[in-house]
Amino acid sequence: MKLYWSPNSPYARKVVVVTKELRIDDRVKLIETSAMPTRENPELSALNPLTRIPTLQLNTGEILFDSSLICEYLDEFSDGGLLPVLGPARRQVLKLELLGLDIMDRAVVCRQETLRPESYRWSGWVDAQFDRIGKILDVLDAYTLAPDSDLGTITVGCALEYLDFRFGDRPWRSHRPQLSAWHERFASRPSMASTKHPQ
């Protein structure tokens with residue numbers, strides 16, 4: 001399988017962490033690529049009409065895109081158990097994944113805002129996104145997050161580290177001791193430690 005990805009993308013990192021947790025990373029070839037909103041990537045758009053990463057090309061030639069769909073496929077492919085099949089356990093993992101994804105979504109669009117010419121940036125809009133991110137972080141701080149990996153905890157872990165990577169000037173730990181302690185433990189997992197965003 002071929003995974004089109006970027007080490008800067010929290011969504012792509014999530015998929016790579018999943019391959020490592022499932023111990024199938026040796027079966028997935030990483031192809032570093034870019035997906036800038038203002039620049040066309042012909043190779044990527046030929047595979048994925050969304051022109052986004054991550055994009056997974058299966059050995060059959062089938063193309064999967066969106067990190068959630070890719071991770072669900074990989075978990076099914078390997079009988080991994082990162083996403084329970086049915087019932088409350090599945091819903092709990094999916095709810096946690098959605099919280100992590102919302103943090104990523106808001107942080108990524110804020111990052112894109114910083115790349116615009118300064119006269120076109122809307123700082124109030126960015127502040128509003130971070131206000132909402134803060135509310136999600138408060139919810140997560142009240143959770144009892146499992147130390148083990150599943151699709152939810154992986155997504156949250158990658159979302160928190162993307163905040164550190166792109167927005168280190170907006171610290172999130174100071175008033176969230178439980179979430180901070182959980183993250184410190186979870187970030188030490190080999191799958192996380194080996195996929196850190198570039199400095």
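Residue K29 places its NZ atom among 12 or fewer non-hydrogen atoms of other residues, nucleotides or ligands, all under 6.0 Å distant.
Using modelled atom types, one finds a donor on one side chain and an acceptor on the other under 3.5 Å when comparing W172 with D164.
Smallest separation of non-hydrogen atoms from D75 and G81: OD1-N, 3.0 Å. The shortest non-hydrogen separation linking V109 to W125 is CG2-CH2, 3.4 Å. Closest approach of L22 to S78, counting heavy atoms only: CD1-OG, 3.4 Å. A pairwise comparison of heavy atoms in G152 and V93 identifies N-CG1, 3.5 Å as the closest pair. Of all heavy-atom pairs spanning W182 and T153, the tightest one is CH2-O, 3.6 Å. Here the shortest heavy-atom pairing between P198 and P7 reads CD-O, 3.7 Å.
Rounded to the nearest 0.5 Å, atoms CG (L163) and SG (C110) are 9.5 Å apart. Expressed to the nearest 0.5 Å, how far CD of Q57 lies from CG of L64 amounts to 10.0 Å.
For R106 and F130, the positive end is not near the middle of the six-membered ring at less than 6.0 Å and at most 45° from its axis.
Shown are D105, D138, I103; of these, the side-chain contact (heavy atoms from CB on, under 4.5 Å) with I133 is made only by I103. Only one option out of E72, K14, R52, E97 pairs with S67 in a side-chain hydrogen bond (donor to acceptor under 3.5 Å, both in side chains); it is K14. When the options E21, H183, E161 are evaluated for a side-chain contact (heavy atoms from CB on, under 4.5 Å) with M192, the one that passes is E161.
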TODO: Would you sort out whether F77 and L58 count as a side chain to side chain contact (heavy atoms under 4.5 Å, CB included), showing the intermediate values?
DONE: CA-CA 11 Å; F77 169 81; L58 307 185; over 6 Å; no
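Salt bridge annotation for R170-D127: present, with a cationic side-chain nitrogen under 4.0 angstrom from a carboxylate oxygen.
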